[in-house]
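Structure, as C-alpha cells:
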Number of protein chains: 4
Amino acid sequence: MSALQRVAPRRAKSQLRITELLRAAREVFSEHGYQQATTALIAERAGVSEATVFTYFAGKRELCIQVIKDWYDEISTELEREMPHLQGIHAKISFVIRHHLITLLADGFGMCALVLGEGRTVGPELSSVITECARRYTAPLMDCLAQAREDGEVRQDMPLRLMRDLIYGSMEHVLWDSITDQKRPAIDQTAEQLTALVWSAITPPNASLEALTRFRDEVRQALLQTQQAAPSHSS
Amino acid sequence: MSALQRVAPRRAKSQLRITELLRAAREVFSEHGYQQATTALIAERAGVSEATVFTYFAGKRELCIQVIKDWYDEISTELEREMPHLQGIHAKISFVIRHHLITLLADGFGMCALVLGEGRTVGPELSSVITECARRYTAPLMDCLAQAREDGEVRQDMPLRLMRDLIYGSMEHVLWDSITDQKRPAIDQTAEQLTALVWSAITPPNASLEALTRFRDEVRQALLQTQQAAPSHSS
Amino acid sequence: MSALQRVAPRRAKSQLRITELLRAAREVFSEHGYQQATTALIAERAGVSEATVFTYFAGKRELCIQVIKDWYDEISTELEREMPHLQGIHAKISFVIRHHLITLLADGFGMCALVLGEGRTVGPELSSVITECARRYTAPLMDCLAQAREDGEVRQDMPLRLMRDLIYGSMEHVLWDSITDQKRPAIDQTAEQLTALVWSAITPPNASLEALTRFRDEVRQALLQTQQAAPSHSS
Amino acid sequence: MSALQRVAPRRAKSQLRITELLRAAREVFSEHGYQQATTALIAERAGVSEATVFTYFAGKRELCIQVIKDWYDEISTELEREMPHLQGIHAKISFVIRHHLITLLADGFGMCALVLGEGRTVGPELSSVITECARRYTAPLMDCLAQAREDGEVRQDMPLRLMRDLIYGSMEHVLWDSITDQKRPAIDQTAEQLTALVWSAITPPNASLEALTRFRDEVRQALLQTQQAAPSHSS
DNA sequence: TATGAATGAGGGTTCATTCAT
DNA sequence: CATGAATGAACCCTCATTCAT
C-alpha cells in the first residue's frame with residue numbers, strides 16, 4: 001500500500017506533465033506550424049526544461065502526432081456524444097457545421113492548418129495518423145448522410161464523399177478567409193447560411209418539386225370535382 | 001548587329017536560368033513545402049550552384065514569392081482567357097471547377113498546400129502576395145456570380161464569398177482526398193458532380209417548392225380529416 | 001545540502017565556460033579584429049563546439065561587446081583602485097601613463113585596435129558601448145585634471161579634452177610604433193619621458209618662470225643690500 | 001603615328017578607369033573599412049562591372065594598398081611642397097598640425113581608421129606599405145624637428161619619435177572624438193591649441209627655469225641657515 | 001577591353017537531440 | 001525523474017574571384 005501510495009502520485013504527476021506538455025505543444029504547433037515550432041518554446045510554455053520533453057515523447061514528430069491525435073479525439077468524442085440526440089438529417093448537418101466552425105475558430109485555425117497544410121512535410125507517419133483520425137471525425141456525418149440517402153432524404157446520384165468534401169471544404173475556406181481578413185466571422189449566421197447552402201446541394205433536386213407539382217394538380221382537380229359534386233355543403 | 005548578337009544570347013541565357021530556377025523551385029516548394037525546401041536542392045534541380053540561386057533571387061523567400069506569383073499568374077491568365085467565351089453562368093461555373101481540378105491535380109496539389117497551409121508561417125509579406133493573387137484568380141468566378149445574382153440566376157440571400165468558399169473549398173477537399181488515397185480521381189465525373197452539387201446550392205431555393213411542401217402537408221391533413229368525417233364516401 | 005552540491009558545480013561549470021569563452025574571444029578578437037574573427041576559431045580556442053558559443057552568447061556581436069566591456073571594466077577598476085592613493089597631479093598622470101602603456105602592451109595592442117579601429121564597422125550598438133566604457137576609463141584622469149586646473153596646477157587656457165587626447169593619443173602612437181617595429185619599448189623610460197613631455201605641455205606656461213624670475217630679483221636685491229651692509233664678512 | 005593615336009587614347013582611357021576605380025575604392029574603403037567594403041560596391045561606384053575591377057587590380061587587397069599609397073602620396077606631396085616655404089620650427093609644426101587635421105576631417109576620418117585600425121587585419125603586406133608611407137609622410141616633421149633639436153630649439157632629452165607620436169597621436173584622438181560626437185571640431189582653434197600644447201611640450205624645458213628653481217632652493221636653504229645662525233636679529 | 005555569369009569557400013546561426021548528473 | 005549542458009548537422013546567405021565571350 002505504501003508502494004501504491006508512492007507510485008500513484010508519481011503516475012499522477014507524470015500524467016500531469018504529459019497533459020501540460022500536450023497543452024503547450026498544441027498551442028505552439030497551432031501558432032507556428034510544425035516546422036516553425038521549436039521544442040524549446042514548447043518546453044518553456046509547459047514550464048519544464050527542454051530535455052523533459054524528450055523524457056515523455058520520443059521526439060518532436062511523435063509529440064506532434066500525439067497532439068493531433070488528442071485534438072481529433074476531443075472533437076470526435078464531442079460529436080459522437082451529441083449526434084445521437086439530434087433528430088433528423090437536417091438537424092444533424094446543422095449541428096456538424098456549427099460545431100466544426102466553433103471548434104476551429106476556438107483553435108485559431110492553427111490545428112486545422114497544421115493538419116491540412118503541413119502534415120505532408122512531416123512524414124508519412126503523420127499522414128496516416130491524420131487520415132485515420134479524420135475518418136473517425138467525419139464518420140458521424142458520413143453515417144447520417146448514408147442513412148438519409150437510403151431514406152431518400154439526400155440525393156442518390158452523388159458519392160457521399162463528395163458531399164462530405166463539400167461540407168468540410170466550404171467551412172475550411174470560410175475560416176481561411178476569416179484568418180486572412182483578421183476578423184472573426186459571425187458564426188451563427190455563417191453556420192445557418194452554410195447549412196442552407198449545403199442543404200440545397202445535397203437534397204434531391206427537382207424530384208420532390210415535380211412530385212409536389214403533380215400532387216398539387218391532382219389535389220386541385222379532386223377539390224374541384226368535390227366542390228362541383230356537392231356545392232350545397234359549402235353554402 | 002554583332003553587339004546585339006553578343007548581348008542577346010546573354011540575355012537569353014540569363015532568362016533561361018531564371019526560368020529554370022523557377023521551375024526547379026516550384027518543384028521543390030511543391031514537394032517539400034516552404035520550410036523543408038532547401039536552396040541547395042533547388043540549385044541542384046536547376047543544375048546550378050547554390051550561389052547562383054542568390055545571383056538571381058534575393059533569397060529563399062523572394063524566390064518562393066515569385067514562384068507563387070508565377071503560378072497564380074499562369075492559372076489566372078488561363079481562366080481570364082477562357083471565361084469570356086463561355087455563355088451562361090452554369091457553363092462558367094462548370095468550367096471554373098473543371099479547370100481548377102485539372103490545374104491542381106497537375107501540380108500534385110503541392111502548390112495548393114504551399115499557398116494555403118504555409119503562407120502564414122513564412123511571414124506577412126508572402127501572405128499579402130497570396131491574398132492579392134488569390135483575389136485575382138477568383139475574380140472571374142466572383143464576377144460572374146455577381147452578375148448572375150443580379151439577374152436572379154443565383155440566390156440573393158447568400159454572400160458571394162460564401163458561395164466562392166463553397167466552390168473552392170469543396171474542390172480542395174476533393175483533391176486532398178485524392179492525395180490521401182494516392183489515386184487520381186475521375187476528373188470529368190467529379191467535375192460534373194461537383195458542378196451539379198454547387199448548382200443546386202447556389203440557385204434560388206425554389207420559393208414555390210417550399211410553399212408547395214407546406215401546402216401538401218396542409219392538404220394531407222385536410223384529406224385525412226375529411227376521410228375520417230365521411231368514411232362512407234370511399235366505400 | 002545535497003541539492004546544493006548538485007547545483008553548485010553546475011553553476012560553477014557554466015560560469016567557467018563563460019569565462020573561458022570570453023578569454024578565448026578576447027584572444028581571437030584581439031588577434032584578428034572583429035570581422036576576421038570567426039566563431040569557429042573562438043570555439044576551438046575555448047575547447048568547445050561552435051554551437052556552445054551560441055548557448056552562452058546571443059551572437060558574435062554580443063560576445064564582442066561583452067569582451068570589450070569586460071576589458072574596460074578590468075582596466076578601469078584597476079585605475080579607480082590605485083588613483084586615490086596617489087598624491088599630487090604629477091604622480092597621478094605619471095601613473096595613468098605607465099598603467100596604460102603596460103596594459104596595452106600586455107594585450108598586444110589588439111584590444112586597443114579593436115576598440116579604436118573597428119568599432120565603427122560593427123554597428124552603432126558597439127560604438128555606444130565603447131563610448132560609455134571609454135568615458136569611465138578616462139574619468140579618473142579627467143577628474144584629476146579638472147581638479148588640478150582649478151588649483152592652478154595645469155593651464156586653464158586649454159580644454160580638458162584636448163589634454164586627455166594629448167595623453168592617450170601619444171601613447172597610442174607609441175604603442176603603434178612598437179607594434180610596427182615588432183619590438184617592445186622600454187616601458188619605464190618611455191613612461192617617464194612621456195610624462196615629462198605631457199607635463200611640460202599641460203602645466204601653465206611662464207607662470208612659474210615669471211614667479212621665479214621675480215623671486216630671483218628680490219633675492220639679488222636683498223643679497224646686494226646685505227653685502228653692502230656687511231662688507232667685512234666677505235673679505 | 002596612327003598606332004600612337006590609337007594607343008594614346010587607350011592609355012588615357014585606361015588611366016581614367018584606374019583613376020575612377022581608385023577614387024571609388026577610396027570612398028568605399030573609407031566609409032566601410034576594409035573588411036566591410038565589397039568589390040561590388042566599389043565597382044558600382046566606379047560605374048563599371050565587378051569584373052573590371054580585377055582587370056586593373058590583382059584583387060581587393062592590392063586595390064586597397066594602392067588606395068592607401070595614393071592617399072599617402074597626396075598628403076605627403078602636399079606637405080613636401082609647402083614645408084620648405086615656411087620659416088621657423090614653430091611655423092612648420094603649426095602647419096603640419098593644421099594640415100593634418102584638415103586632411104583627415106576631409107576624408108571623414110575613414111582613411112585614418114583604415115590605416116590605423118584595420119591595416120593589421122589585411123595582412124603583413126599592407127602593414128609594410130603603411131609603415132613606409134607613414135615614414136615618408138612624417139619625414140618633413142621629423143626633419144624639421146631634428147634640425148630644430150640641433151639648433152637647441154627643441155629639447156634634446158627626448159627621442160624624436162616620441163615627439164612625433166605626441167603630435168600625431170593627439171590629433172588622432174581629437175579626430176576620433178569628433179567622430180564619436182558626430183560634430184566637426186573648430187579646426188582653427190583646435191589647431192592653435194594643439195600647437196601651443198605641443199610647443200610647450202617639445203621646447204627645451206626652460207633651461208633657465210630649471211636653473212632658477214635650483215637657485216631658489218639653494219637660497220631658501222641659505223636663508224634658513226642664516227636665520228638659524230643669527231636668531232637674535234629677528235627677535 | 002569589358003563584362004555577364006557562375007561559383008567555391010566559408011561564415012553565423014538554429015535546433016532537435018543526447019547524456020551525465 | 002528532471003535538467004543543465006553540449007553538440008552535430010544543416011541551412012541560408014555573402015563575396016572575392018574566375019572565365020568565356
Side-chain angles (χ1 to χ4, degrees), chain A residues 10 13-14 17 35-43 47-63, chain B residues 2-3 5-7 9-14 16-18 35-43 47-63, chain C residues 2-3 5-7 9-14 16-18 35-43 47-63, chain D residues 10 13-14 17 35-43 47-63:
Chain A
R10 277 197 183 168
K13 201 179 174 188
S14 205
R17 273 277 141 86
Q35 305 290 350
Q36 292 289 78
T38 66
T39 53
L41 183 54
I42 292 169
V48 298
S49 81
E50 214 177 332
T52 301
V53 177
F54 292 85
T55 303
Y56 290 97
F57 297 92
K60 189 186 178 185
R61 192 167 62 239
E62 284 67 29
L63 178 52
Chain B
S2 108
Q5 277 180 340
R6 225 179 281 144
V7 167
R10 283 195 175 172
R11 287 255 167 91
K13 201 176 177 188
S14 186
L16 207 67
R17 271 283 131 84
I18 291 178
Q35 306 287 351
Q36 290 290 85
T38 67
T39 52
L41 183 53
I42 293 170
V48 296
S49 81
E50 209 176 339
T52 300
V53 176
F54 293 90
T55 303
Y56 290 98
F57 298 92
K60 188 186 178 185
R61 193 167 60 239
E62 284 67 29
L63 177 52
Chain C
S2 109
Q5 277 179 340
R6 226 179 282 145
V7 168
R10 282 195 176 173
R11 287 255 167 91
K13 202 176 177 190
S14 186
L16 207 67
R17 270 283 130 83
I18 292 178
Q35 306 288 351
Q36 290 290 83
T38 67
T39 53
L41 183 54
I42 292 170
V48 297
S49 81
E50 211 176 338
T52 301
V53 176
F54 292 88
T55 303
Y56 291 97
F57 298 92
K60 188 187 179 184
R61 193 167 61 240
E62 285 66 30
L63 178 51
Chain D
R10 278 197 181 169
K13 202 178 174 189
S14 203
R17 273 275 141 87
Q35 306 290 349
Q36 292 289 81
T38 65
T39 52
L41 183 54
I42 292 170
V48 299
S49 81
E50 214 176 334
T52 301
V53 177
F54 291 85
T55 303
Y56 290 98
F57 297 93
K60 189 185 178 185
R61 193 167 63 239
E62 285 65 31
L63 177 53

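Just the heavy atoms: all of them, side chains too, but no hydrogens, waters or symmetry mates, feed the values below. Below, chain A is the first sequence line, B the second, and so on; all start at residue 1.
Rounding to whole angstrom units, CD1 of residue Ile18(C) and P of dG4(F) are separated by 14 Å. Rounded to a whole Å, the CZ atom of Arg61(B) is 13 Å from the P atom of dC12(F). To the nearest angstrom, P of dA10(F) lies 14 Å from CG of Leu41(B). Put simply, CZ on Phe54(C) is 18 Å from P on dA9(F), counting in whole angstrom units. What separates CD of Gln36(D) from P of dC15(F) is a distance of 8 Å, to the nearest Å. Rounded to whole Å, atom C1' of dG11(E) lies 12 Å from atom CD1 of Ile42(C). Atom P of nucleotide dT13(E) and atom CZ of Phe57(C) are separated by 13 Å, given to the nearest angstrom. The distance from atom CD of Gln35(C) to atom C1' of dG10(E) is 14 Å, rounded to the nearest whole Å.
Under 4.0 angstrom from either OP1 or OP2 of dG12(E) there lies at least one side-chain N or O belonging to Thr39(C). Note on Arg17(D): every side-chain N or O is 4.0 Å or more away from OP1 and OP2 of dT1(E). The phosphate of dT3(F) has OP1 or OP2 within less than 4.0 Å of a side-chain N or O from Thr52(A). Remark: Ser14(C) is in phosphate contact with dA5(F), judged by side-chain N or O atoms under 4.0 Å from OP1 or OP2.
There is no side-chain donor-acceptor pair under 3.5 Å between Thr55(A) and Thr52(A).
Backbone-only engagement by Thr38(A) is indicated by non-hydrogen atom pairs under 4.0 Å involving sugar-phosphate atoms exclusively. As judged by a 4.0 angstrom heavy-atom cut-off over every strand, Val53(B) is placed among residues making no nucleic acid contact. Contacts of Tyr56(B) with the nucleic acid, taken as non-hydrogen atoms under 4.0 Å apart, involve only primed sugar atoms and P, OP1 or OP2. Residue Ala37(C) is in sugar-phosphate contact alone, with no base atom involved, counting any heavy-atom pair closer than 4.0 Å across all strands shown.
Taking 4.5 Å as the limit, every side-chain heavy atom of Tyr56(B) sits out of range of all side-chain heavy atoms of Leu63(B).
Taking a pair as Watson-Crick or G-U wobble with both distances under 3.5 Å, the runs of three or more consecutive pairs in DNA chain E are E:2-21 with F:2-21.
Atoms CD and OG1, from Glu50(A) and Thr38(A) in turn, are 7.0 Å apart once rounded to the nearest 0.5 Å. Taking CD1 of Ile18(C) as the start and CZ of Phe57(C) as the end, the distance is 5.5 Å to the nearest 0.5 Å.
Of the candidates dG12(E), dT3(E), dC12(F), dT3(E) carries the atom nearest the Ala51(D) side chain, counting heavy atoms from C-beta on.
The two atoms that bring Gln35(B) and Lys60(B) nearest to each other are O-NZ, 3.4 Å, heavy atoms only.
Between Ala40(B) and Gly47(C), the residue anchored nearer the 5' end of DNA chain F, judged by the nucleotide with its closest heavy atom, is Gly47(C). Taking the nucleotide of DNA chain E with the nearest heavy atom to each of Glu50(A) and Lys60(C), the more 5' of the two is matched to Lys60(C). Nearest-nucleotide positions on DNA chain E place Ser49(D) closer to the 5' end than the other of Thr55(C) and Ser49(D).
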